[in-house]
Amino acid sequence: MATRYDPQAAEPRWRDAWAETDLFRTKTPAEAGDAPKAYVLEMFPYPSGRLHMGHVRNYAMGDVVARHRRAKGYNVLHPMGWDAFGLPAENAAMERGIDPGKWTYANIDAMRAQFRKLGLSLDWSREFATCDPDYYGAQQALFLKFLEKGLVYRKASKVNWDPVDNTVLANEQVIDGRGWRSGAVVEQRELTQWFFRITAYADDLLTEVQKLERWPEKVRTMQANWIGKSEGLQMTFHFAGPAPAGFEAGIDVFTTRPDTLFGASFVALSPDHPLVVQMAEKSEELKAFRAKCAQIGTSEEAIEKAEKLGLDTGLTVAHPFIEGATLPVWVANFVLMGYGTGAIFGCPAHDQRDIEFARKFGLSVTPVVLPPDTDPAEFRVDDKAYTGPGRIFNSGFLDGLAIDEAKRVAIARIEAAGQGKGAINYRLRDWGFSRQRYWGCPIPIIYCDDCGAVPAPMDSLPVRLPENVSFEKPGNPLEHHPTWKNVDCPKCGKAARRETDTLDTFVDSSWYYARFASIRDPAERAYWLPVDQYIGGVEHAVLHLLYSRAFARAMRDVGELDLPAGEPFAGLFTQGMVTHETYKSADGKWLEPDAVEKRDGAWVETATGAPVEAGAIEKMSKSKKNTVDPDGIVATYGADVARWFMLSDSPPERDVEWTQSGVEGAGRFAQRVWSLADSLSDAPYPAPGEDAASLDLRRVSHRAAKAIDKAIEDFRFNSAIASIYEWVNALKKAEQSDGLLGARAEAISMLARCLTPFMPHLAESVWERIGGKGLVSAAAWPEAEAALITDDTITLAVQVNGKRRGEISVAKDLGNDAVEAAAKALPEVEAFIAGKDVKKTIVVPGRIVNIVVA
RNA sequence: GCCUCUGUGGUGGAAUGGUAGACGCGGCGGAUUCAAAAUCCGCUUCCGCAAGGAGUGCCGGUUCGAGUCCGGCCAGAGGCACCA
């Protein structure tokens, strides 16, 4: 009597069995012996309190890799923890009066329970949350070591201020002029902040990212662009007339186009340039101009319009190469204080911004780069700057040189004159990581009126967050706490104050991977790192992944970490999102998938029967109400089915659309697999037969095992799953033939092992049903027998003039001449070559025959 | 504007330069059933009765052979963006 597989009964039973044997606890290096190590890590979650489908997909992928590696004999580290600091906890405190810590730990408990139901092969003994005092205390120690090494410093600067979240944001956290979390338009404020000197590693971060072969090309380019290296010249323009006080030396500019110096027609300063700030004190006109520039702000719209504003300062500077020539000095809104020196020279003929500026304000335009095959007399620049290749002209000693050569010569001339130097500039800025929030890692600094900023003593760590804070007042609760900030100066003992800023939560996630590796034994850090396979969303391509790479270098420089090339993540995979169709009622309200159904081919609201418009397929989000709750899916279909469907439908790097029918298909498949095992008699089974049918089935099995193995290695989980489907279909068919029991039993034993990474619970049930030894989660990957994955006879396609006309079956090692003859003898081929002149025949052994006729 | 990626049936997607459309979803047909559900089996790129022809966003090239390589376009997605 056929039985059905019941995931609700089976899944908890197997999870208990894994827990009892502590199956996924990593071995120590000594226990592991010769086994290679594999550190498989998925980006750890923020404990929002609820799992979503994106989590299921992310962690299902990681689990496939971890379980596969384990089966292949690796000592696997596959940990889980919580990125637990952050604003949502404070928002909950404000809205509902709950303590952020209690709220967070309750969420962690809820999510851990959900995670456990997924059957992930995690080593829970290494679990921690970033809000654990142990963790953030260690982080404070790191901060102090960085400070000592000069990698952390404090300075006053203009910062991005989020008026809704009441905190500073890093440049990386400002998206289109808005806060990445709040969406509020970001303001500029002058504040004293702690900075991480990420620019110290700019060059290394750029060089090494190019070498990360197991990272997606996309992420590598994104990081390279973000770092933004420019090589050029930094030089000084001397004033032609009397220099303003304090600027006797002249004006420094940075340029990547020293070859176009002869085409310079003006120098432009940023409205925030110190010289402009100084002059504005005595000039109402300049003051007004600065205000006007500041107004435009950084909003998307403002930059889109990009109207060029300018004001002539009346100052002039001397041209470095042309005796007696002078250039006017302007203030221009398009010159940014934060990049280079905050001043440029403008060469309108060969820079689009400069030409727009020059045309608007009537400045001269001198072309100095002549495009190839162009008559100098014919060459004009109107409103479009010429930025292509060519030869230098109108340029004295640079005439006739190619652009690159001219750059070198110009730089050499400026250097010889002592007026400047070849220089490299980066777009990357230091990371301001102070945040004016409560729920974060306290910065271990004490301010003393006499001693200044004093590091908290190492033995006073962790500097703990106070409990019983009030969220009544806006602003930083630590600032408002009655006693917490009052401490004595560690140096002089006088009354002093704690730093009330906390660290950006991106600091917490910049080194957690190292904590997992060393939480049991500090000596294991070197054994486990780097992470062999890191998996997460592409939205972290710049922020988290860049910070982590920089942190790994900083940790190396303070003796905390020793990594080849400084890289923490040897392999990176960025998975796509989970999407779902959206539904809208006639009055424009979003409807949940559960509230609608299809009747007679049209979508209607289940409750009312009112028509529903099925809309775009978008990322699951609460606002569009197109989310599907993993708990419900797990309760209905089981964790295996949810995992399977997440991986089956799309390549892992692409988005996958969640569909009801797809999940049902996955559920059907699970039953089908069960039926294969269920239809076998009880073990023991005979050895596979030697007959042709048995051999055929064995070939299918051994080839499938190999194909699945390879596809998992290559992160082609959807292809691995397709191979499993084919295999199962073949096994289903084999049920109808007699005498295949041995081959079928062998196949199902192999299938159980190949299925384990994807559907671990079902695989255990199948394994148990066929009398497998121990747990299949602990079993080795089935090795394909070489003799069974090669064929004696092969099928070759036969083409005439590149078009397929038939196929032949021949012995594998048949000679080319014989193959050719067999191909030509095919009736369907003969029809196409009869009476024609066969010019040549290409025989690709094992592949194809192509007969070329006139 | 610059950079990166992606374009294949009704649909998600397979194809080391070698039989395009594996596998899933959907659809159609059949078996089983009193009937249904479940399950099982088959068919399913387009045109054509067929022989055959066409076909991987568009145009061209390399090759015996191109979805795949090269050049030029078009469209969509993502990233960066007044970065000198």
Side-chain angles (χ1 to χ4, degrees), chain A residues 2 4 175-176 216-226 228-230 232-233 253-257 260 268 270 296 300 302-309 332-336 338-347 351-354 356-357 387 425-429 538-539 541-542 617 644-645 648-651 653-657 659-666 668-669 671-672 675 711 716 718-729 732-733 735-736 795-807 831 839-844 846-853:
Chain A
R4 282 183 67 79
I175 293 148
D176 293 335
E217 188 61 42
K218 181 166 88 170
V219 175
R220 287 155 53 176
T221 3
M222 277 167 73
Q223 291 216 356
N225 291 342
W226 189 266
K229 183 179 185 172
S230 300
L233 167 69
V253 306
F254 174 74
T255 179
T256 56
R257 294 299 300 271
T260 64
S270 162
I296 293 181
E300 196 175 1
I303 291 171
E304 200 72 31
K305 286 182 193 154
E307 196 200 346
K308 297 277 180 292
L309 301 178
N333 66 330
F334 68 91
V335 182
L336 308 174
Y339 186 78
T341 60
I344 61 157
F345 82 79
C347 175
D351 183 287
Q352 191 54 35
R353 291 156 309 185
D354 295 349
E356 286 168 23
F357 193 76
T387 55
N425 250 294
Y426 296 94
R427 213 188 73 106
L428 186 70
R429 315 287 160 76
V538 73
E539 66 272 20
V542 175
I617 294 155
W644 180 262
F645 177 62
S648 67
D649 237 29
S650 293
E653 68 277 11
R654 277 201 228 171
D655 291 352
V656 66
E657 188 197 348
T659 59
Q660 187 57 30
S661 53
V663 179
E664 284 164 11
R668 270 200 300 276
F669 170 77
Q671 293 300 338
R672 205 167 149 85
S675 77
R716 293 182 297 113
N718 56 326
S719 294
I721 284 175
S723 297
I724 296 178
Y725 270 114
E726 275 182 275
W727 188 9
V728 167
N729 288 344
K732 202 70 200 167
K733 212 165 262 173
E735 282 181 355
Q736 291 158 8
T795 305
L796 294 180
V798 182
Q799 298 182 331
V800 178
N801 284 350
K803 283 205 192 310
R804 181 183 177 278
R805 297 298 178 188
E807 59 182 40
K839 295 181 90 172
K840 70 175 164 183
T841 304
I842 291 116
V843 178
V844 185
R847 291 259 174 232
I848 204 160
V849 182
N850 190 11
I851 300 162
V852 185
V853 298

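Just so it is clear: chains get the letters A, B, ... in the order the sequence lines come, proteins before strands, and each one is counted from 1.
With sequence neighbours excluded, the residues that form a side chain to side chain contact (heavy atoms under 4.5 Å, CB included) with A:Lys218 are A:Met222, A:Val538. Annotation: salt bridge (Lys or Arg N to Asp or Glu O under 4.0 Å) contacts of A:Arg804 (sequence neighbours excluded): A:Glu807.
Judged purely by atom type and a 3.5 angstrom limit, A:Asn801 uses its side chain to pair as donor or acceptor with the backbone of A:Val853.
Residue contacts shown for A:Tyr725 are limited to sugar-phosphate atoms, with no base heavy atom under 4.0 Å away. Residue contacts for A:Gly228: at a heavy-atom cut-off of 4.0 Å it reaches no nucleic acid atom on any strand shown. Residue contacts shown for A:Arg220 are absent, as no nucleic acid heavy atom lies under 4.0 Å away. A:Asn718 comes within 4.0 angstrom of the backbone, heavy atoms only, and of no base. Counting non-hydrogen atoms under 4.0 angstrom, A:Val844 reaches a base of the nucleic acid.
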B/S/- contact track for nucleotides 40-46 of chain B, protein heavy atom under 4.0 Å: SSS----
Protein proximity profile, nucleotides 28-33 of chain B - base contact B, sugar-phosphate-only contact S, no contact -, cut-off 4.0 Å on heavy atoms: ------
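Defined by atom type and a distance below 3.5 Å, a donor-acceptor pair is missing between the side-chain atoms of A:Asn225 and A:Arg427.
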Dump the pairs, protein N or O against N or O of nucleotides 48-53 of chain B, anything under 3.5 Å, distances to one decimal.
| from | atom 1 | to | atom 2 | distance (Å) |
| --- | --- | --- | --- | --- |
| B:rG53 | OP1 | A:Arg805 | NH2 | 3.3 |
| B:rG53 | OP2 | A:Arg805 | NH1 | 3.0 |

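The glycosidic torsion of B:rG9 lies within 90° of 0, which places this base in the syn conformation.
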Pairing annotation in dot-bracket form, given for RNA chain B with Watson-Crick or G-U pairs under 3.5 Å and | for cross-strand partners: (((((((..(((.....[....)))((((((.......))))))(((....)))..(((((..]....))))))))))))....
